[in-house]
Amino acid sequence: MIIMTYYMDVYGCQMNVHDSEIIAGILEADGFTNVDNPGSADVILLVSCAVREHAETRVLGRASQLGGLWQNRKQGEPLIVLCGCVAQEHGQDLLDRFQNLDLVVGPDCYRDLPLLIRNSTRQALVEFRKGDYTGIDPLRKRFPGAFVTIMRGCNNFCSYCIVPYVRGRERSRSGDSIIKEIRDLSEKGYREITLLGQNVNSYRELDTSFPELLDMASDAAGSAWIRFVTSHPRDFNRETVEVMVSKDNICNHLHLPVQSGSDGILQRMNRGYTIADYREKIRMLRDSIPEIVLTTDIITGFPGESLDDFQRTVSLLDEIRYDNAFLFKYSERTGTSAYDLADVIPEHVRLERLNYLQEFQRGITLEKSGELRNRILNVLVTGSAKKPDQQAARTRGNRMVILQGTDYEPGTFVDVRITRADGWTHFGEPVGVEDI
Ligand code: 5AD
Ligand code: SF4
């Protein structure tokens with residue numbers, strides 16, 4: 001077998017990050033080896049994200065730039081492969097538009113990558129397939145953290161979202177294979193296991209629902225922490241909260257994207273809940289887990305968003321007081337139903353609203369992280385920080401903590417006193433190591 005080297009860039013969400021670990025697992029099982037420099041690779045893979053136009057433009061820019069590195073490149077030297085959601089979205093069109101691209105491979109077709117690369121025929125392979133990647137050993141790169149995919153695809157068709165078109169319909173993975181993977185990870189020393197899916201709360205395999213899977217996952221994880229993303233407010237339920245309460249190793253963090261504070265906009269977004277429903281779920285959650293760390297996603301400037309609608313979003317942030325929020329300005333995606341909606345909000349208004357909300361939320365984030373000053377929290381040391389004399393860690397609530405010193409092996413749980421916070425990043429001094 002000829003050994004080939006590969007270089008990979010990844011864009012987008014955690015699902016894509018984990019897919020890139022699956023791709024690496026598939027390639028290395030077939031004799032490929034990884035290199036850090038695109039200039040010395042036989043194959044360059046770009047794992048793309050299509051959720052907003054900006055992400056799409058970036059990856060295509062990168063493909064052109066990489067192609068430009070080899071001005072007189074003969075075909076296949078090196079091979080440039082576009083994977084991920086942009087590949088699925090545009091398929092063959094990309095080969096017609098970008099002479100530098102050799103292969104376009106969608107998220108369900110990664111098992112075919114070694115063959116496609118070795119054949120090196122210019123083509124797009126973007127079929128939807130029923131199966132998942134069970135049986136592949138992903139090459140994980142985030143020790144002591146590990147992602148485990150529990151479902152792929154989405155059936156919700158929120159009107160702004162391209163995901164159902166590029167990731168296909170919802171498919172839940174077998175509970176047995178998920179639990180086995182978690183048990184293996186825990187035995188290998190992984191200490192933070194994140195269950196991944198576009199809409200984890202609608203997981204269902206045979207008779208197993210998400211709360212039941214979560215309960216089993218918690219047992220299989222042993223002393224490792226369990227997290228899960230992403231939850232949909234319509235499907236997140238009391239049973240899930242009950243499991244979170246009953247298990248010590250399930251993290252007290254919930255990412256519950258609300259998208260807008262206005263019922264009218266939520267309806268146009270096809271989200272399937274009202275603000276009253278959402279508020280009620282948050283109340284139930286906070287009653288049961290007062291220390292819960294809550295984060296959300298918001299879109300500004302969705303078609304038809306009036307000033308009143310926007311103010312309702314501001315009021316909601318003020319009321320809920322999220323620990324952190326990921327804020328985006330609306331981006332039109334071809335093929336989604338919102339693409340055809342009237343009352344388009346001008347780009348500068350989307351941006352103004354985004355900036356306003358960012359400033360508003362920053363105050364809340366700072367206030368909430370400031371409340372942690374002098375508190376002692378148990379954190380998981382995850383690895384090195386930017387500065388060589390510091391280490392990075394995470395709280396159960398998913399807050400980032402920077403520790404002075406380099407005393408701990410990644411994967412160690414340590415009690416730290418929080419000294420100060422800058423937004424979502426906190427600084428802490430170790431006060432001891434937990435015996436696990
Ligand atoms: N424009 C802007 N933001 C979007 N998101 C999804 N689709 C779009 C879009 N077309 C945001 C949502 C989602 C997050 C992952 O990305 O807030 O929760
Ligand atoms: Fe997109 Fe909505 Fe599915 Fe999330 S739940 S991936 S926003 S369609």
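Residue numbers start at 1 and run along the sequence shown. Bear in mind that the values here come from a model prediction, so they are computed numbers and not experimental data. Note that ligands are numbered from 1 as they come in the structure, with each ligand's atoms numbered from 1 the same way.
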Only counting residues at least two apart or in another chain, list the ones meeting ring-ring contact (aromatic ring centres under 6.0 Å, His included) with Tyr190.
Phe143
Ligand-side contact atoms (ligand 1) for residue partner Arg52, heavy atom cut-off under 4.0 Å:
1 (N), 2 (C), 3 (N), 4 (C), 5 (N), 11 (C), 16 (O)
Under 4.0 Å from one or more heavy atoms of Val51, ligand 1 contributes atoms 6 (C), 7 (N), 8 (C), 9 (C), 10 (N)
Inspect the contact between Glu291 and Arg375 and indicate whether a charged nitrogen and a carboxylate oxygen are less than 4.0 angstrom apart.
yes
Check whether any N or O atom of Arg333, backbone or side chain, sits under 3.5 Å from an N or O atom of ligand 1, and answer yes or no.
no
Under the rule for salt bridge (Lys or Arg N to Asp or Glu O under 4.0 Å), what residues qualify as partners of Asp137, not counting sequence neighbours?
none
Residues Arg152 and Asp132 bridged, charged N to O under 4.0 Å
no
Run the salt-bridge test on Arg350 and Glu305 with the 4.0 Å N-O cut-off and return the result as yes or no.
no
Any heavy atom of Gln259 under 4.0 Å from ligand 1? The part involved is side chain
Tyr160 N/O to ligand 1 N/O under 3.5 Å
yes
contact_flag Lys329 ligand 1 heavy-atom lt 4.0 Å:
yes
